Amino acid sequence: MKESLSIIVPCFNEEHVIPEFYRRLHAVLETMTCSSQIIFINDGSRDTSYTLLQDIARKDLSVKLISFSRNFGHQKAVTAGINYCTTDFALIIDADLQDPPELIPQILETLKREEAQVVYCIRTDRQGETPFKKWSAKMFYRCLNFFSEIDLPVDTGDFRLIDRSVIREFNRLQEKGKYIRGLVPWIGFKQVPFYYEREPRFAGETKYPLSKMVKLASTSMSYFSKKPLTLATSLGFFSVGLALVYGLWSLLGKLFGFTHADSGWTSLVLLIVFFGGIQLITIGIMGTYIGNLFDEVKNRPEYIVEETVNFSDSEQEDMEKPRQGTKRNRRKSYLL
Ligand code: UDP
Ligand code: MG
């Protein structure tokens, strides 16, 4: 039987790039021998993206559409794409053409040649991005690797190809806060890199403002490492040590007359601010973990699908099988 490939594309307010993205992707898929489908996820777009995607799905039945009830975020959109994917392979790609679709045949070829289960794409160059974004991304990946308990490849995004075994394992993960570029390496199997140059965004603006970047960084750190929690203990020991040394120095100074303790107003204020800061930081770190527990315990669904288009009945039923003992409601679904 012919192998099958799904292309998973999250879209949030991408009206300026969708037609060109589809044109380029379609041209590439036509040259490939395996059967393919495109799964667009409309992540609560407020522009005309939804209508554009519907038009494409109406003309091309291999294009499937999952439309969220509101904006749930990029990671949730990719998660939905993987959850709905029934093919042998899935490739995750952004809609803004920063990751060139023309590379897909080579990526698939690498997976087969290396007999790997995952090909993750590493950016050797990121054109058209601000120096701040490049610098923050670089620092972030290095920092995450220091804190993380597993080895995460640096400078990779979600542009990657995964095979059925990884899709199956991914769908068993029950955590709600998903950091996909960390979870795929965590799943394991043979994972190989693929180097490419990231192009500038084709049109429109980034949908990852600083606030979303910080949220993603927080999820990745707190879901992949317990090290920040132990940081509080280290800081505690450090400050006790510092206090002992300072106390001893003051005492000796008093005895031998080389300090004047009562003139230490500045050092007192500095110490109060310093240790007050350390305490607030550690409370904040603990708060982040408690917040995650709170979200996980609530056990809400990760996303709400308002509508699906061009999914067959069997695919739809597969998705609606009760997971974790909870029955899902049947959603609006139709074939165009
Ligand atoms: N995206 C999404 N939901 C969001 C934010 C982004 O589905 O809340 C999609 C977006 O449409 C794009 C991809 O995620 O296809 C990556 O976003 P973007 O290109 O804006 O991020 P950047 O490349 O600037 O980091
Ligand atoms: Mg982008």
Side-chain angles (χ1 to χ4, degrees), residues 5-10 17 21 24-25 28-29 32 74-75 77-79 81-82 85 89-167 169-170 178-202 206-208 212-213 216-217 219-221 223-225:
L5 168 71
S6 291
I7 311 292
I8 296 174
V9 197
V17 299
F21 173 81
R24 273 175 62 179
L25 179 62
V28 173
L29 294 180
M32 295 177 71
H74 175 222
Q75 299 290 294
V78 175
T79 302
I82 301 177
C85 166
F89 308 106
L91 181 120
I92 304 159
I93 190 168
D94 290 350
D96 59 3
L97 291 167
Q98 279 190 293
D99 310 322
E102 289 73 21
L103 297 176
I104 296 173
Q106 289 175 47
I107 298 173
L108 188 61
E109 161 64 26
T110 308
L111 185 109
K112 290 191 181 158
R113 193 184 56 239
E114 301 278 340
E115 293 181 353
Q117 278 75 36
V118 176
V119 178
Y120 54 92
C121 302
I122 299 189
R123 308 146 176 174
T124 50
D125 189 22
R126 299 162 69 120
Q127 296 172 33
E129 289 193 288
T130 62
F132 173 72
K133 178 120 188 175
K134 284 187 196 169
W135 177 82
S136 56
K138 201 172 163 183
M139 294 312 292
F140 167 69
Y141 287 117
R142 275 146 193 85
C143 206
L144 182 59
N145 250 343
F146 170 74
F147 278 112
S148 164
E149 276 136 28
I150 54 160
D151 231 359
L152 303 175
V154 292
D155 298 331
T156 56
D158 286 320
F159 186 32
R160 61 187 68 217
L161 178 67
I162 56 182
D163 86 347
R164 193 72 229 158
S165 45
V166 178
I167 298 171
E169 295 309 323
F170 183 89
K178 288 213 171 66
Y179 179 63
I180 295 163
R181 5 188 141 165
L183 286 171
V184 174
W186 180 88
I187 287 172
F189 299 111
K190 185 170 181 193
Q191 313 215 355
V192 293
F194 179 91
Y195 295 89
Y196 77 111
E197 279 184 21
R198 202 163 205 228
E199 289 177 5
R201 191 174 235 286
F202 175 72
T206 174
K207 308 298 174 314
Y208 256 100
K212 277 191 184 170
M213 268 160 63
L216 186 69
T219 308
S220 59
M221 292 269 184
Y223 273 81
F224 274 91
S225 172

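In what follows, every heavy atom counts, from backbone to side chain, and hydrogens, waters and symmetry copies are set aside. Here the structure is a predicted model, which means the values were calculated and not measured.
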Let's go through D94 and H74 carefully: what are the C-alpha distance in whole Å and the side-chain angles of both, what is the deciding distance for side-chain contact (heavy atoms from CB on, under 4.5 Å) to 0.1 Å, and is it a yes or a no? CA-CA 9 Å; D94 290 350; H74 175 222; 3.7 Å; yes

Would you mind reporting whether Q75 and S220 have side-chain heavy atoms less than 4.5 Å apart? no

Rounded to the nearest 0.5 Å, the CZ atom of R142 sits from the CG atom of D155 at a distance of 5.0 Å

The reported gap from CD in Q191 to CG in L111 (rounded to nearest 0.5 angstrom) is 10.5 Å

K178 side, atom NZ; Y223 side, atom OH - distance, nearest 0.5 Å: 9.5 Å

Search all heavy atoms of T156 against all heavy atoms of R181 and return the closest pair with its distance. O-CD, 3.7 Å

Where C121 and Y196 come nearest, the two heavy atoms and their spacing: CB-CE2, 3.4 Å

Say whether, by atom type as modelled, one donor and one acceptor occur between the side chain of T206 and the main chain of Y208 under 3.5 angstrom. yes

Knowing that exactly one of I104, T110, I92, L5 qualifies, which makes a side-chain contact (heavy atoms from CB on, under 4.5 Å) with L161? L5

Minimal non-hydrogen separation, L25 against P101, with atom names: CD1-CB, 3.9 Å

Does K190 offer a backbone N or O that forms a donor-acceptor pair with the side chain of E115 under 3.5 Å? no

Nearest-0.5 Å distance, CG of residue L91 to CG of residue D163: 12.5 Å

With a 4.5 Å limit on heavy-atom distance, are the side chains of Y120 and V184 in contact? no

Testing the basics here: between I82 and I162, what is the closest heavy-atom pair and its distance to 0.1 Å? CD1-CD1, 4.2 Å

Can you confirm whether E169 sits close enough to F189 that some side-chain heavy atom of one is under 4.5 Å from a side-chain heavy atom of the other? yes

Which atom names give the shortest non-hydrogen contact between E199 and L97, and what distance separates them? OE1-O, 3.9 Å

Please report the shortest heavy-atom distance between D96 and Q98, naming the atom on each side. OD2-OE1, 2.9 Å

Looking at CG of L29 and CZ of R24, how far apart are the two atoms once the value is rounded to the nearest 0.5 Å? 12.5 Å

Give the C-alpha distance, both sets of side-chain angles, the deciding distance and a yes or no for side-chain contact (heavy atoms from CB on, under 4.5 Å) between M213 and L216. CA-CA 5 Å; M213 268 160 63; L216 186 69; 5.7 Å; no

Candidate pair F21 and V9, rule side-chain contact (heavy atoms from CB on, under 4.5 Å), full reasoning: CA-CA 10 Å; F21 173 81; V9 197; 3.6 Å; yes

F170 vs L183, side-chain contact (heavy atoms from CB on, under 4.5 Å): CA-CA, chis, key distance, verdict: CA-CA 8 Å; F170 183 89; L183 286 171; 4.3 Å; yes

Quick one: pull up CH2 in W186 and CZ in F224 and give me the separation to the nearest 0.5 Å. 8.5 Å

Return yes if some donor-acceptor pair links the side-chain N/O of S225 with the main-chain N/O of M221 below 3.5 Å, else return no. no

